[in-house]
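First up is the structure itself, then whatever we jot down about it.
Fair warning: this is a prediction, and the values are worked out from it, not measured in the lab.
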Amino acid sequence: MALHISGLITMVIFYLLVLGIGIWAFLKSKKMEKNSAGGQVEVSFLANRRVTLAVGVFTMTATWVGGAFIIGVAETVYDPTKGFIWALIPLQISVSFIIGGLFFAKPMRDKNYITMMDPFQRKYGTTLTGLLAIIPFISEVMWVPVTLISLGVTLSVFSDLPLSLCIWISAAVAIVYTVLGGLYSVAFTDVIQLSQVFCSLWLCAPFVLASDVYTDLRQTAFNHTFQAPWLGHLEPDDVWIWIDNFLAMSVGNLAFQDFYQRTLSSSSTATARMICFIAAGVVIVLGIPPVLIGAVAASTDWNLTSYGSPSPYERGEAAMALPIILLHLTPTAVFVVAMGAIAGAAMSSTDSCLLAATSIFTTNIYTLVRHQVSEKELQWVIRLSIVVVGTVGTSLTYLDSRTLAFWILSSDLTYTVMLPQLICILFVGSSNAYGAVAGYVVAFVMRVLCGEPVFNLPAILRFPGCSLEDGVYVQRWPFKTTCMLSSLVTILVFSYATSLLFNKGILPERWDLFRVKTQEETAPADGARLGENDKHASEPMLNTLELKKNDNSKPQ
């Protein structure tokens, strides 16, 4: 693919524009820190809880509708082994937003938590919460490759540079930009980036559909023309796999820190819920153009294009279906604007997951090592964490170059391990630390034993229908949902059993390591179930920082 000078120039301009907005928002946020009671934490991670409805909808939508979303949906629709039936990510995200707005946004925002792990910290204490937080932290790290692969794909379209080099260049830009700004700058850049994506996608779609190099989509949807029908099909053996993936990619999103970073930063609980409902509709609208473009790619006679034969799928470039279609079926100006906007959207998602991973590490994991943190130390921890997460996430792209592979894996982890924990901590009053530990172990062990081809994990636990295909065991049973439900039942059973054993005196109180009996005896009347170190566990970072500020303000 020849060097595309105008495209590269446009990409540089978009990168500089986003970077400039990030720097402006960063400087503005520094002023806000002086007037914020929460200091660095509140401003960096929650934009001082001043996100309005409009900005909230933009940043919530832009977090999920990034380059991975756009390129991944088109890739799946175009892939003859998948098709549209496997590309329901817009619907899955919309469902997760609606469920989140109905049930999860209110209890989290009402308590003014900082991260999704704070209710665990409030009830179970710092140590156990730090261990539980490892899974959502890993999930966020695994989401980094999703966005970086799409950034690398976009950049590689403009030149003959290797995809790996393009990914590292994109990663460097994203990391620098994220280090400069927190959620405040992310939210403002999201407004610009999502607006560009919306306009560019709907600008490109008519040009693509007006091309005369493809066969009528109504025909290719059901008939084998140049490849398998783009609607795709479900074999009887794949139905349970489809249901399992749909649940993992929809309900599993509710256990991502990215979702709660947006709801917790909103100006009120009502605003947080409305953000979810409106974003659910916007996501569907933004999912239509990549579906159409993917369908056109599957219906194109590539001999009639400047791309030529063989097709992108046959060349192993299915992941680049959308940029290839835009390059060869739209005017140069339209293509350049579209790819620049997609790159900006990908960068927006990248900084979001970097920030989400950093917020969990800083407030819920780092506190295990450092109980007292100054503002200066916290700033360096945040910056260093972003660099490390970005570097590790970028390295993971060598395991698999498919855009959606790591998205599915990260949703898999949050769905099987963290979702049952989150449901119990928010809605089941009888759950306790013993149940949490047992459920955590059961979910993690079961999921590892089920195997994972991307990481070359063999399937030791094989459910009915498991078969060996090309040297890899394929689980056709809904094993992810089975792991999730097993964890949920384990939490409930162990919580009830341990509570009964200690409260009835069957087991001596000195064996009660998590002090379940003490917590239940001292539980307040309003139903809030607090841990033994509630005040310290609830806001350790804020309290410590405030004390440090006061100490530094005293005359020496």
Side-chain angles (χ1 to χ4, degrees), residues 60-61 63-65 68-69 72-73 76 85-109 115-117 119-120 132 135-136 138-140 142-143 146 239-264 272-273 275-277 279-281 283-284 287 353 356 404 406-428 431 436 439-440 442-444 446-447 450 452 475 477-492:
M60 175 73 85
T61 308
T63 299
W64 271 265
V65 183
F69 175 98
V73 168
T76 307
I85 192 67
W86 294 93
L88 299 181
I89 294 177
L91 178 61
Q92 293 165 331
I93 295 176
S94 180
V95 169
S96 70
F97 285 171
I98 293 173
I99 296 175
L102 288 173
F103 302 105
F104 289 84
K106 179 176 172 57
M108 295 291 284
R109 182 62 182 86
T115 72
M116 61 173 281
M117 298 306 300
F120 296 92
L132 294 175
I135 290 297
I138 292 176
S139 297
E140 295 293 347
M142 290 177 65
W143 205 8
V146 177
V239 172
W240 283 114
I241 297 178
W242 186 92
I243 294 175
D244 208 25
N245 287 337
F246 188 92
L247 291 174
M249 292 287 286
S250 55
V251 187
N253 281 329
L254 295 173
F256 272 113
Q257 168 63 15
D258 302 82
F259 175 79
Y260 297 102
Q261 200 135 30
R262 271 72 196 159
T263 54
L264 293 174
R273 302 185 72 183
I275 287 173
C276 297
F277 298 142
V283 138
I284 295 293
C353 54
L404 296 181
F406 287 101
W407 194 338
I408 294 173
L409 284 175
S410 58
S411 295
D412 189 341
L413 272 178
T414 58
Y415 177 60
T416 56
V417 181
M418 284 310 302
L419 183 64
Q421 300 282 350
L422 199 59
I423 290 174
C424 290
I425 198 71
L426 292 179
F427 307 111
V428 182
S431 63
Y440 187 91
V442 167
F444 183 78
M446 285 186 65
R447 182 60 192 91
C450 286
E452 182 49 59
Q475 301 271 16
W477 181 269
F479 67 96
K480 300 174 187 177
T481 302
T482 301
C483 294
M484 186 273 291
L485 293 177
S486 298
S487 176
L488 183 62
V489 172
T490 300
I491 295 172
L492 298 177

request  = Just do the side chain to side chain contact (heavy atoms under 4.5 Å, CB included) check on Asp258 and Trp64 with the steps written out, would you?
outcome  = CA-CA 9 Å; Asp258 302 82; Trp64 271 265; 3.8 Å; yes
request  = Taking the side chain as every heavy atom from C-beta outward, state whether Tyr440 and Val417 have any pair of such atoms under 4.5 Å apart.
outcome  =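 In contact.
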Residues two or more places apart in sequence or in another chain: which of them pass side-chain hydrogen bond (donor to acceptor under 3.5 Å, both in side chains) with [X]?
{"X": "Arg109", "answer": "Asn112"}
{"X": "Thr263", "answer": "none"}
{"X": "Thr414", "answer": "none"}

For the backbone of [Y] and the side chain of [X], can you confirm whether one donor and one acceptor N or O come within less than 3.5 Å of each other?
{"X": "Gln475", "Y": "Cys450", "result": "yes"}
{"X": "Thr490", "Y": "Gly439", "result": "no"}
{"X": "Gln257", "Y": "Glu140", "result": "no"}

Measure the spacing between [atom1] of [X] and [atom2] of [Y] and express it to the nearest 0.5 Å.
{"X": "Met108", "Y": "Leu422", "atom1": "CE", "atom2": "CG", "value": "6.0 Å"}
{"X": "Thr61", "Y": "Ile284", "atom1": "OG1", "atom2": "CD1", "value": "11.0 Å"}
{"X": "Ile491", "Y": "Ile423", "atom1": "CD1", "atom2": "CD1", "value": "8.5 Å"}
{"X": "Ile89", "Y": "Ser250", "atom1": "CD1", "atom2": "OG", "value": "11.5 Å"}
{"X": "Trp143", "Y": "Leu413", "atom1": "CH2", "atom2": "CG", "value": "14.0 Å"}
{"X": "Ile275", "Y": "Phe259", "atom1": "CD1", "atom2": "CZ", "value": "9.5 Å"}

key: Set of residues satisfying ring-ring contact (aromatic ring centres under 6.0 Å, His included) with respect to Phe246, sequence neighbours excluded   =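 Scan of Phe246 (ring-ring contact (aromatic ring centres under 6.0 Å, His included), adjacent residues dropped) gives Trp242.
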Audit row: Phe277, Leu102, side chain to side chain contact (heavy atoms under 4.5 Å, CB included) steps and yes/no = CA-CA 9 Å; Phe277 298 142; Leu102 288 173; 3.8 Å; yes
query = So, for Met116 and Pro136, which heavy atoms are closest and what is the spacing to 0.1 Å?
reply =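 Nearest pair, atom of Met116 first, then Pro136: SD-CB, 4.3 Å.
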inquiry  = To check you understand the geometry: which heavy-atom pair defines the closest contact between Ala105 and Cys276, and what is its length?
reply    =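 Minimum heavy-atom separation between Ala105 and Cys276: CB-SG, 4.5 Å.
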Let me have the donor-acceptor pairs involving side chains of residues 477-486, under 3.5 Å, with sequence neighbours excluded, atom names and distances please.
unit_1: Trp477; atom_1: NE1; unit_2: Thr482; atom_2: OG1; d: 2.9
unit_1: Lys480; atom_1: NZ; unit_2: Asn245; atom_2: OD1; d: 2.8
unit_1: Thr481; atom_1: OG1; unit_2: Asp244; atom_2: OD1; d: 2.6
unit_1: Thr481; atom_1: OG1; unit_2: Tyr415; atom_2: OH; d: 2.9
unit_1: Thr482; atom_1: OG1; unit_2: Pro478; atom_2: O; d: 2.9
unit_1: Ser486; atom_1: OG; unit_2: Thr482; atom_2: O; d: 2.7

request  = Would you check, one step at a time, whether the test side chain to side chain contact (heavy atoms under 4.5 Å, CB included) holds for Leu488 with Cys424?
outcome  = CA-CA 8 Å; Leu488 183 62; Cys424 290; 3.6 Å; yes
Indicate every side-chain donor-acceptor pair of residues 92-101 with a distance under 3.5 Å to a residue at least two apart or in another chain.
unit_1: Ser94; atom_1: OG; unit_2: Ala280; atom_2: O; d: 2.9
unit_1: Ser96; atom_1: OG; unit_2: Ile93; atom_2: O; d: 2.6

ask   = Stepwise, does the side chain to side chain contact (heavy atoms under 4.5 Å, CB included) test hold for Met117 with Gln421?
value = CA-CA 10 Å; Met117 298 306 300; Gln421 300 282 350; over 6 Å; no
message = Which residues pass the side-chain contact (heavy atoms from CB on, under 4.5 Å) test with Phe444, not counting sequence neighbours?
response =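 Partners of Phe444 under the side-chain contact (heavy atoms from CB on, under 4.5 Å) test: Ile135, Val448.
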